[in-house]
Amino acid sequence: WGLLLLALFHLLPLWLDAAAIRVLFDADAVHAAWREALLARWVGESANSLMPLGQVAGPVVMTRHLSRRGMATQGAAAAITVSTTLQALAQFVFCLIGIALLALAARLESAGARQAHHTVIIATLTASIVLAVVLVSFYCVQRRGLFGGAVRWLARLARRREWSGLMSRADAIDLAQLFLDEQAGQ
């Protein structure tokens with residue numbers, strides 16, 4: 001019964017993530033937008049769990065799902081990228097809350113247990129600082145044109161000139177993402 005209860009509890013973060021995705025796109029962009037956001041999140045999470053690509057497959061599958069349901073591919077990619085960035089920020093905040101609670105618990109322990117807690121707190125804070133640097137770097141790269149820059153770099157690496165169509169679509173994703181970032185900031 002515990003496993004069933006755990007599976008039912010997982011519906012809450014799934015629903016919250018879908019709500020976050022749903023806020024990022026226009027209601028007219030996708031028919032039955034709420035249902036599509038929930039299905040996109042569910043399919044993306046499944047892809048992340050089942051494919052050996054780490055957490056890379058999920059956003060790609062979510063973008064494809066939304067674009068196949070009528071949303072512009074640029075808008076879908078931008079919404080999923082912004083959503084992923086905001087999820088990483090939320091995870092960082094939860095990590096800091098956990099560290100604060102661990103530090104509070106350490107104050108109530110004996111000296112030996114306090115030392116063990118201190119070691120864990122230092123290691124976790126170090127990892128959190130690294131995560132913060134990665135998160136800020138990812139955000140800065142997004143603001144400078146993540147997709148367009150990546151396609152231009154690949155075009156230079158491949159030494160091909162016929163990638164202009166792909167470059168313009170990547171630039172369109174970057175513009176849609178900047179628009180969503182500005183909307184999220186308001």
Side-chain angles (χ1 to χ4, degrees), residues 6 9-27 29-30 33-34 36-51 53-67 71-105 120-151 153 170-186:
L6 185 64
F9 177 75
H10 184 68
L11 292 176
L12 177 64
L14 185 71
W15 181 80
L16 289 172
D17 287 343
I21 292 170
R22 167 64 186 86
V23 167
L24 293 173
F25 55 80
D26 186 16
V30 180
W34 177 249
E36 296 306 331
L38 185 61
L39 287 173
R41 182 64 192 141
W42 190 356
V43 168
E45 193 171 296
S46 298
N48 279 340
S49 297
L50 296 173
M51 293 185 172
L53 297 173
Q55 299 294 307
V56 175
V60 172
V61 171
M62 286 188 275
T63 300
R64 180 155 168 78
H65 174 84
L66 291 173
S67 66
M71 187 173 192
T73 303
Q74 297 90 342
I80 297 303
T81 303
V82 170
S83 172
T84 302
T85 304
L86 292 175
Q87 286 173 356
L89 178 63
Q91 288 292 328
F92 179 71
V93 169
F94 282 125
C95 179
L96 292 179
I97 291 170
I99 292 170
L101 290 173
L102 185 61
L104 182 65
V120 171
I121 290 169
I122 295 299
T124 311
L125 273 175
T126 303
S128 297
I129 290 169
V130 170
L131 177 63
V133 168
V134 169
L135 188 59
V136 168
S137 299
F138 184 63
Y139 178 74
C140 289
V141 169
Q142 280 180 7
R143 299 290 293 180
R144 294 191 55 144
L146 170 70
F147 295 102
V151 169
W153 181 78
D171 288 336
I173 292 171
D174 289 333
L175 286 174
Q177 183 180 330
L178 284 174
F179 177 73
L180 284 177
D181 280 342
E182 290 174 7
Q183 271 188 328
Q186 293 176 354

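Because the structure is a prediction, the values reported are computed rather than measured.
The nearest pair of heavy atoms linking T124 to C95 is CG2-SG, 4.2 Å. Nearest heavy atom pair, residue A37 against residue R22, reads CB-CB, 3.9 Å. Considering every non-hydrogen atom in both M71 and A79, the closest pair reads CE-CB, 4.5 Å. Contact detail for A40 and M62: the closest heavy-atom pair is O-CG, 2.9 Å. For the residue pair A88 and L135, the shortest heavy atom distance occurs at CB-CD1, 3.5 Å.
With sequence neighbours left out, L12 forms a side chain to side chain contact (heavy atoms under 4.5 Å, CB included) with F9, L16. In this view, T84 satisfies the side chain to side chain donor-acceptor pair (under 3.5 Å) rule with no residue, not counting sequence neighbours. Residues forming a side chain to side chain donor-acceptor pair (under 3.5 Å) with E45 (at least two apart in sequence, or on another chain): H10.
Rounded to the nearest 0.5 angstrom, R41 CZ and I21 CD1 are separated by 6.0 Å. For the atom pair CD1 (I121) and OG (S128), the distance works out to 11.0 Å, reported to the nearest 0.5 Å. With rounding to the nearest 0.5 angstrom, the CZ atom of F92 is 11.0 Å from the CD1 atom of I97. Remark: T126 OG1 to L131 CG distance equals 12.5 Å, nearest 0.5 Å. L96 CG to I99 CD1: the interatomic distance, rounded to the nearest 0.5 Å, is 5.5 Å. Here OG1 of T85 is found 4.5 Å from CZ of F138. Values are rounded to the nearest 0.5 Å.
Counting heavy atoms from C-beta outward, Q87 and S83 have side chains that approach closer than 4.5 Å.
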